[in-house]
Peer 1: 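Submitted below is the structure of interest, expressed as structure tokens.
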Amino acid sequence: MLDPEEKGIDLSKTVYIRTYGESTKKSGVATLSPAKAGLATGPAMLIWEDANIGGIAKAKKSGVFTYTKEKFNEPTQVYLTDATLANGKKVTENAPDASNYAWSTGVKLVDYVTTKGDSLQAALFLPANYVAGQKYPTVVYYYEKLSQTLHNWSNPGYNGTGWSPSMYTSNGYAVLIPDIVYKMDDPGMSAVWAVLPAVDAAIKTGVIDENKMGLHGHSWGGYQTSFLITQTTRFKAAAAGAPLTNMISMYDLIYWNSGGGNMSIFEASQGRFLGGPWENWDAYERNSPIYHVKNVQTPLLMLHNDKDGAVDFTQGVEYYNALRRLKKPVIMVQYLGENHGLGKLENRKDYSVRMMEFFDHHLKGLPAPDWISKGVPRLKLGEHLEERAF
């Protein structure tokens with residue numbers, strides 16, 4: 001609605017509607033006018049672009065309209081126009097220093113079919129200074145369905161999970177974000193059935209170097225990452241944040257951020273299991289990374305904090321200890337006192353930089369920093385962190 005204080009929609013007047021193309025990812029604004037002489041009229045498209053159009057508003061006492069437009073590599077700007085929304089004039093200059101930095105060259109929408117026959121899409125973000133015909137190291141990121149972010153401006157920064165797609169595209173990486181749909185009793189296998197075909201389809205674009213691919217996800221995405229590396233060796237490095245790793249032991253633990261049990265997560269939410277472990281043991285075991293840990297060959301950087309109130313810290317410890325027992329390539333990072341994501345700026349920055357250093361080493365072949373190649377003795381941790389901060 002144009003008026004945020006309006007109590008409802010008056011269909012006797014022209015209504016402005018934001019539009020979105022599920023298969024094209026285009027967006028815009030259309031009008032829906034009242035029926036004339038008993039004949040209904042369809043919507044009239046006013047704006048329809050390969051961009052994220054939104055925020056339409058009208059001045060209270062005049063016919064002046066505004067709307068916002070953004071793209072993955074173009075910051076959100078406000079446009080001034082009239083009721084036709086034609087010839088919008090940009091009236092803001094958000095991120096005025098953006099031109100001083102290297103941004104993604106553009107985006108591609110990748111269509112693919114999962115192993116189970118579902119038609120899905122993936123957002124492929126090109127690296128800065130992309131050259132057609134050249135292949136690039138690529139980080140694959142996911143959390144259920146995110147292809148709708150194809151045209152969302154991504155302001156670079158240090159967020160609570162260490163992930164920023166624009167930071168990677170600005171540093172010479174392609175970024176692939178595929179959709180995942182789920183089959184009951186198979187949350188882990190569903191990721192395998194969706195992500196690997198998405199990668200195959202994206203490789204055909206000629207953008208991705210299939211020998212330099214990494215994985216990253218946090219929370220449920222961290223679970224998908226810790227599971228995927230037990231099912232394939234196609235990825236050269238993986239970073240998993242706060243992952244569920246044992247669906248059986250996790251089922252009976254507490255979601256400390258709310259104080260409730262985890263059972264509903266598995267039976268009525270993301271787990272998508274048809275019952276508890278005692279009713280469906282094979283499915284829980286089949287989809288738990290810990291029970292396939294011997295298959296892991298991919299170097300893993302795992303973040304799990306000691307005060308995680310969503311995914312119990314013991315999930316990370318259990319997976320880390322199993323990988324270490326089997327002499328698998330794993331590094332576990334924790335920030336004392338932090339919850340499910342990182343809250344303190346210094347910790348967000350530290351982990352974001354470490355994750356990029358980790359991928360730079362494994363996907364770009366850069367020398368490994370000492371914290372990767374040699375580790376950090378506990379007695380020298382304070383000195384090490386001071387040096388990193390400086």
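Note that the numbering runs from 1 along the sequence shown for the chain. For clarity, every value in this text was computed on a predicted model and none was experimentally measured.
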Peer 1: State yes or no: are the ring centers of Tyr136 and Tyr173 separated by less than 6.0 Å?
Peer 2: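 No.
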Peer 1: Between Trp163 and His216 (judged by ring centroids, cut-off 6.0 Å), do the two rings come close enough to count as a pair?
Peer 2: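 When the ring centroids of Trp163 and His216 are compared, they turn out to be within the sub-6.0 Å range.
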Peer 1: Can you label the angle between the His304 ring and the Phe313 ring as parallel, tilted or perpendicular, going by 30° and 60°?
Peer 2: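 Rings of His304 and Phe313: perpendicular, over 60°.
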Peer 1: Yes or no on salt bridge (Lys or Arg N to Asp or Glu O under 4.0 Å) for Asp82 and Lys89, after CA distance, side-chain angles and deciding distance?
Peer 2: CA-CA 10 Å; Asp82 57 23; Lys89 179 183 178 181; over 6 Å; no
Peer 1: Considering residues, nucleotides and ligands other than Trp48, do more than 12 of their heavy atoms fall under 6.0 Å from its CH2?
Peer 2: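 Yes - once you tally the heavy atoms of other residues, nucleotides and ligands closer than 6.0 Å, there are more than 12.
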Peer 1: Contact between Lys236 and Thr298 at the side-chain level, heavy atoms closer than 4.5 Å - yes or no?
Peer 2: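 They are not in side-chain contact.
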Peer 1: Assert yes or no for the condition that the ring centre distance of Trp278 to Tyr251 is strictly below 6.0 Å.
Peer 2: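 Close enough - the centres of the two rings lie under 6.0 Å apart.
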Peer 1: Considering non-hydrogen atoms only, spot the tightest contact between Leu253 and Thr314 and give its length.
Peer 2: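 Between these two residues, the closest heavy atoms are CD1-OG1, 3.8 Å.
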Peer 1: For the residue pair Lys69 and Tyr79, would you count it as a cation-pi contact if the rule is NZ or CZ under 6.0 angstrom from the ring centre and within 45 degrees of the ring axis?
Peer 2: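 Yes - Lys69 lies over the ring of Tyr79, closer than 6.0 Å to its centre and within 45° of its axis.
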Peer 1: Would the number of heavy atoms belonging to other residues, nucleotides or ligands and lying under 6.0 Å from CG of Leu345 be above 12?
Peer 2: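 Atom CG in Leu345 is crowded, with more than 12 foreign heavy atoms closer than 6.0 Å.
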Peer 1: When you look at Tyr335 and Asp350, which way does the side-chain contact (heavy atoms from CB on, under 4.5 Å) test go after all the steps?
Peer 2: CA-CA 10 Å; Tyr335 294 86; Asp350 182 78; 2.5 Å; yes
Peer 1: Using the side chain to side chain contact (heavy atoms under 4.5 Å, CB included) definition, which of the options Thr81, Ile53, Ile56, Thr31 pairs with Leu46?
Peer 2: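 The single option meeting the side chain to side chain contact (heavy atoms under 4.5 Å, CB included) with Leu46 is Thr31.
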Peer 1: Do Thr161 and Tyr351 have side-chain atoms, one donor and one acceptor, less than 3.5 Å apart?
Peer 2: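 Thr161 vs Tyr351: no donor-acceptor pair found between side chains.
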Peer 1: Quick one: are Phe72 and Pro165 in side-chain contact, heavy atoms under 4.5 Å?
Peer 2: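 When only atoms from C-beta onward are counted, Pro165 and Phe72 do touch, with a gap below 4.5 Å.
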Peer 1: If you count every heavy atom of other residues, nucleotides or ligands that lies below 6.0 Å from Arg18 atom CZ, does the total exceed 12?
Peer 2: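 Counting neighbours around CZ of Arg18, more than 12 heavy atoms of other residues, nucleotides or ligands fall under 6.0 Å, so yes.
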Peer 1: Tell me, do Val140 and Val199 make a side-chain contact under 4.5 Å, heavy atoms counted?
Peer 2: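 Yes, their side chains come closer than 4.5 Å.
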Peer 1: Contact between Leu323 and Met332 at the side-chain level, heavy atoms closer than 4.5 Å - yes or no?
Peer 2: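 Side-chain contact under 4.5 Å: no.
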Peer 1: Should we count NZ of Lys349 as having more than 12 external heavy atoms under 6.0 Å?
Peer 2: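 Open.
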Peer 1: Taking the ring of Trp220 and the ring of Tyr223, is the distance between their centroids below 6.0 Å?
Peer 2: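 Between Tyr223 and Trp220, the centre distance is under 6.0 Å.
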Peer 1: Using a cut-off of 6.0 Å, state whether more than 12 heavy atoms not belonging to Asn211 lie near its atom CG.
Peer 2: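 Atom CG in Asn211 is packed in, count exceeds 12.
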